[in-house]
Protein chains: 2
Amino acid sequence: MGNGSLGFVLHNKRYKGLCILHANLASATELHVFTSNRELMVKLPRHCWLFYNRADLRCPELCSPRCPGLQPQLQLSATALSSVHLSGGTTVLPVAADAMQGYSHPSLIKLLQQPQNLSTFINRPALGILPPENFSERLKESLLSVAPKGLPQVMTMACGSCSNENAFKLIFMWYRNKERGRNNVTKEELESCMINQPPGCPDYAMLSFMGGFHGRTFGCLATTHSKAIHKLDIPSLDWPIAPFPRLKYPLEDFVKENQQEEARCLEEVEDLIVKYRKKKKIVAGIIIEPIQSEGGDNHASDDFFRKLRDIARKHGCAFLVDEVQTGGGCTGKFWAHEHWGLDDPADVVTFSKKMMTGGFFHKEEFRPNAPYRIFNTWLGDPSKNLLLAEVIRVIKREDLINNAAHAGKALLTGLLDLQARYPHLISRVRGRGTFCSFDTPNDATRNKLITIARNKGVVLGGCGDRSIRFRPTLIFKDHHAHLFLNIFSDILANFK
Amino acid sequence: MGNGSLGFVLHNKRYKGLCILHANLASATELHVFTSNRELMVKLPRHCWLFYNRADLRCPELCSPRCPGLQPQLQLSATALSSVHLSGGTTVLPVAADAMQGYSHPSLIKLLQQPQNLSTFINRPALGILPPENFSERLKESLLSVAPKGLPQVMTMACGSCSNENAFKLIFMWYRNKERGRNNVTKEELESCMINQPPGCPDYAMLSFMGGFHGRTFGCLATTHSKAIHKLDIPSLDWPIAPFPRLKYPLEDFVKENQQEEARCLEEVEDLIVKYRKKKKIVAGIIIEPIQSEGGDNHASDDFFRKLRDIARKHGCAFLVDEVQTGGGCTGKFWAHEHWGLDDPADVVTFSKKMMTGGFFHKEEFRPNAPYRIFNTWLGDPSKNLLLAEVIRVIKREDLINNAAHAGKALLTGLLDLQARYPHLISRVRGRGTFCSFDTPNDATRNKLITIARNKGVVLGGCGDRSIRFRPTLIFKDHHAHLFLNIFSDILANFK
């Protein structure tokens with residue numbers, strides 16, 4: 001979601017989608033609401049949810065108790081599941097959202113109303129010591145039911161940053177235990193670690209990629225290289241950073257160039273591992289996103305990732321795939337890295353955001369060798385796991401992963417068509433599932449396109465220098481893609 | 001809470017207290033339940049809650065649906081609010097708990113059952129972009145209503161580690177902006193920060209204390225020095241570590257020695273700041289707990305902390321007080337550092353655990369100079385804030401902070417009396433409010449005392465090398481203290 005956005009929740013009988021309209025939140029009391037005809041300025045609380053109830057087309061609850069100010073100024077009428085036409089002719093499309101199942105899903109409301117679930121929401125336990133009854137069974141219904149192949153172990157965490165931080169720790173412990181072999185921990189290690197010094201705190205590193213984003217706490221931030229605002233003024237670690245391939249599009253016209261580019265990056269990875277080892281800094285693991293999201297929706301080929309996995313194994317480094325943004329089905333598989341067809345699975349896969357709880361999956365051999373080595377007070381939150389189990393049931397029942405693959409194909413095909421017709425405005429169309437994006441000529445054009453689209457009720461988000469990205473919910477269907485493509489085609493035709 | 005603990009929840013009309021009995025959780029299906037007569041071994045799920053309903057003294061719900069296995073083996077009868085006698089004569093006392101108001105408090109159940117609150121629990125927003133309606137008002141009802149004097153700004157986070165990590169970042173940004181003055185950020189800074197190098201990532205440090213615990217993510221872990229298991233095998237940062245005073249007890253007999261010890265530690269703090277600056281590593285902030293909790297309940301005088309605050313200011317360092325464990329009222333003031341009577345408030349105060357949400361308070365001048373500098377996807381969770389607001393209402397209504405001060409005095413007085421009678425078993429009695437502790441001669445004696453007490457239904461926790469610590473809920477009353485003291489007096493009288 002972008003700066004100063006405003007969330008519109010669409011309610012109907014089966015699904016609820018979230019739409020974001022951009023708004024000026026600099027003032028706490030004014031919101032700008034855009035229709036095709038004009039920009040409304042409304043005196044309001046900072047945040048408002050528009051509840052739309054399909055059973056009541058001229059919905060009296062339109063603005064619900066939460067935003068009475070909007071009520072006189074907007075009228076909704078329904079045309080399609082999860083999309084809404086405003087009275088000015090504006091269609092509000094849920095093309096930027098972060099809840100897989102849409103918001104206020106009735107199954108989740110039901111879940112919360114069941115008396116036996118109340119305690120889970122009120123009494124947050126220290127999960128590592130006092131797990132709720134049958135918590136391992138609960139994990140089987142939720143996270144373990146969607147575990148990537150070959151990663152049977154799961155650990156829950158509170159957020160994406162904690163997930164990556166603890167995955168790094170898991171990897172460092174695993175690496176040190178490999179080095180240690182059958183030797184015991186020495187007194188020198190136990191003493192030196194207390195004052196942050198080697199050998200107890202060894203000079204290990206995670207290798208990351210330029211353009212990557214893995215979080216904002218100190219360990220994560222040392223592997224994040226997407227925007228200066230994340231990193232400025234914060235001390236960091238001298239850990240190696242490899243280039244991420246910059247592919248040329250359309251891919252079929254640049255096969256050889258792109259292969260060379262990927263080979264260059266892989267070579268640099270190996271060089272960095274060797275170079276850092278020479279200066280006694282050991283690369284214990286490699287972290288990468290399947291699609292660099294914050295960094296501009298940068299893709300690489302499945303072959304690139306397979307070869308990277310091989311390099312990691314060759315050099316004894318753990319291979320950590322960060323699925324915090326890509327996980328959860330939007331790419332047309334539950335985990336984006338499942339597209340790669342790895343022979344040897346990733347060692348650790350982290351998740352958060354749409355998964356409602358943070359955490360990571362890992363191979364058996366990465367299991368900590370003693371209790372309390374990966375630990376914190378809460379270790380996640382069983383109430384989030386309860387919600388996730390229900391969301392996963394909805395996803396399976398409604399076949400929403402295949403829906404994302406299908407709707408994504410409609411979206412990508414349409415974008416490629418627009419690119420062919422408006423090559424001066426659209427380039428580098430790319431995507432997997434509905435996780436699509438394209439480039440515009442420059443930042444100014446990108447922002448102008450986003451504004452025009454927004455005024456037509458289509459909410460788009462930017463990423464990188466001049467890209468536009470799609471992040472719809474899993475309930476985004478083919479007809480939403482067509483609705484979007486029609487509107488955007490008009491925008492491009494009339495763009496000056 | 002200790003390893004392999006088992007939670008017993010006591011229900012009655014007004015309050016619910018949590019008791020922990022230690023249990024062997026090595027096996028997933030066996031629990032050891034201790035009464036005064038014998039140790040029961042029960043085939044059970046890993047976790048069980050014993051619900052006790054005051055209105056039904058021979059409670060049929062004793063074991064509730066959650067642990068049918070226990071039902072035939074234990075009978076409860078009530079004698080006192082929030083404490084329970086088992087049929088074998090065992091009293092179960094809530095002397096180790098981590099929820100201020102006790103568990104399953106009826107006010108919280110009511111809160112969750114109100115339809116207007118459902119959305120808060122189901123639809124978790126990105127708080128930094130899409131705060132719920134009137135969220136700032138909600139913060140005034142909860143966190144801001146208990147803000148430490150002089151710290152009007154609050155930022156929420158998901159957990160204690162994230163709170164400290166982001167407090168460090170806030171401090172580093174503040175420090176760099178001070179250095180920068182009216183100069184703009186340079187191109188060199190913007191470029192170098194992307195690859196983890198100075199000047200964009202300056203060589204700043206936080207000064208911490210031996211024995212301190214501030215969390216387990218990379219930044220936090222560099223300031224944590226309580227146990228080797230937290231730090232072993234994890235790379236760290238070369239940040240300065242000062243000694244924390246080791247006071248001699250009883251305090252009145254060692255006034256001069258303790259003053260000298262504190263002066264020595266303060267001198268070392270100043271020396272470290274100067275020494276690190278000489279090697280171009282700038283101490284931007286000092287982090288300290290009001291009572292070193294994980295490290296063994298180590299106290300220092302109010303005068304020590306006031307002088308430390310002065311040193312921080314003198315050297316231009318921020319003063320960060322970590323109240324993750326001490327905050328929330330157990331010391332007899334809502335924040336433990338309020339006992340110090342600082343002229344100039346701390347700059348940043350972090351919290352989590354009993355506060356249900358993580359976060360930090362800070363002075364106006366520490367407010368980030370641009371949006372998105374302190375940021376993450378969730379920035380906490382409004383559902384936790386909703387619960388906290390209710391908990392704070394209960395605390396104020398029931399005057400539970402004063403209760404903690406009062407009950408704590410009864411507990412401490414009694415412990416001092418026991419120390420006078422059994423000096424070979426109890427020493428260094430110390431505490432503030434109910435946040436009390438004492439030392440035993442050695443680890444073996446400590447563990448034996450904990451076991452005997454447990455078999456009499458009194459749950460105690462250990463900390464440090466040979467200390468026993470108290471962490472009751474805020475509903476622990478004078479009569480609980482007396483009940484404990486009577487039982488423990490017998491234990492000491494018969495100890496061999």
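Both backbone and side-chain heavy atoms feed into the values below; hydrogens, waters and symmetry mates do not. All chains are named by letter (A, B, ...) in the order of the sequence lines, taking the proteins before the strands, and each is independently numbered beginning at 1. Please read all numbers here as calculations on a predicted model, not as lab measurements.
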For A:Ser161, which atoms come within 4.5 Å of any heavy atom of chain B: side chain, backbone, both, or neither? neither

Min side-chain heavy-atom separation A:Cys159-B:Trp378 under 4.5 Å: yes

Heavy-atom pairs under 4.5 Å with chain A are the metric here; pick the option from B:Asn177, B:Ile241, B:Leu387 that has the most. B:Ile241

Distance (rounded to the nearest 0.5 Å) between B:Glu189 CD and A:Lys231 NZ: 14.0 Å

When A:Pro235, A:Ala284, A:Ala222 are compared by non-hydrogen pairs under 4.5 Å with chain B, the top option: A:Pro235

Among A:Leu112, A:Ile229, A:Asn166, residue most engaged with chain B (heavy-atom pairs, under 4.5 Å): A:Leu112

Which atoms of B:Ser226 come close to chain A, meaning under 4.5 Å heavy atom to heavy atom: side chain ones, backbone ones, both, or neither? backbone

Between B:Lys169 and A:Thr217, is there a donor-acceptor pair closer than 3.5 Å when you use the side chain of the first and the backbone of the second? no

Sort B:Pro371 into side chain, backbone, both or neither according to what part of it lies under 4.5 angstrom from a heavy atom of chain A. backbone

Which one, B:Ser352, B:Cys162, B:Pro202, leads in non-hydrogen pairs under 4.5 Å with chain A? B:Pro202

Strictly distance-based, threshold 3.5 Å: is any side-chain N or O of B:Glu165 a donor or acceptor partner for the main-chain N or O of A:Phe218? yes

Separation between CD1 of A:Ile109 and CD1 of B:Ile122, rounded to the nearest 0.5 Å: 4.5 Å

Check the surroundings of atom CZ in A:Arg176: do more than 12 heavy atoms from other residues, nucleotides or ligands lie under 6.0 Å from it? yes

Engaged part of B:Leu118 at the chain A interface, taking heavy atoms whose separation is under 4.5 Å: both

Give a yes or no on whether B:Lys178 atom NZ has more than 12 heavy-atom contacts from other residues, nucleotides or ligands under 6.0 Å away. yes

Looking at chain B, which one of A:Ser192, A:Pro115, A:Gly128, A:Cys193 has the largest number of heavy-atom pairs inside 4.5 Å, strictly under? A:Cys193

Just by distance, do the side chain of A:Asp233 and the backbone of B:Phe172 share a donor-acceptor pair under 3.5 Å? no

Chain A contact via B:Val324 - which portion, at a heavy-atom distance below 4.5 Å: neither

Go through B:His225, B:Met194, B:Arg180 and name the one with the most non-hydrogen pairs under 4.5 angstrom from chain A. B:Met194

Looking only at heavy atoms and a cut-off of under 4.5 Å, which of B:Cys220, B:Gly200, B:Gly358, B:Gly215 has the most pairs with chain A? B:Gly200

Could you look at B:Leu190 and say if it's the side chain, the backbone, both or neither that has a heavy atom under 4.5 Å from chain A? both

Tell me, side chain or backbone of A:Leu232 under 4.5 Å from chain B's heavy atoms, or both, or neither? both

Inspect the contact between B:Lys384 and A:Asp381 and indicate whether a charged nitrogen and a carboxylate oxygen are less than 4.0 angstrom apart. yes

Sort B:Phe375 into side chain, backbone, both or neither according to what part of it lies under 4.5 angstrom from a heavy atom of chain A. both

If we define contacts as heavy-atom pairs under 4.5 Å, which of A:Leu221, A:Ile234, A:Leu111 has the most with chain B? A:Ile234

A:Ile374 side chain near B:Arg216 side chain, heavy-atom distance below 4.5 Å: no

Select one option (side chain, backbone, both, neither) describing which atoms of A:Glu179 are under 4.5 Å from chain B's heavy atoms. neither

Just by modelled atom types, is the A:Ser236 backbone N or O under 3.5 Å from a matching donor or acceptor in the B:Asn196 side chain? no

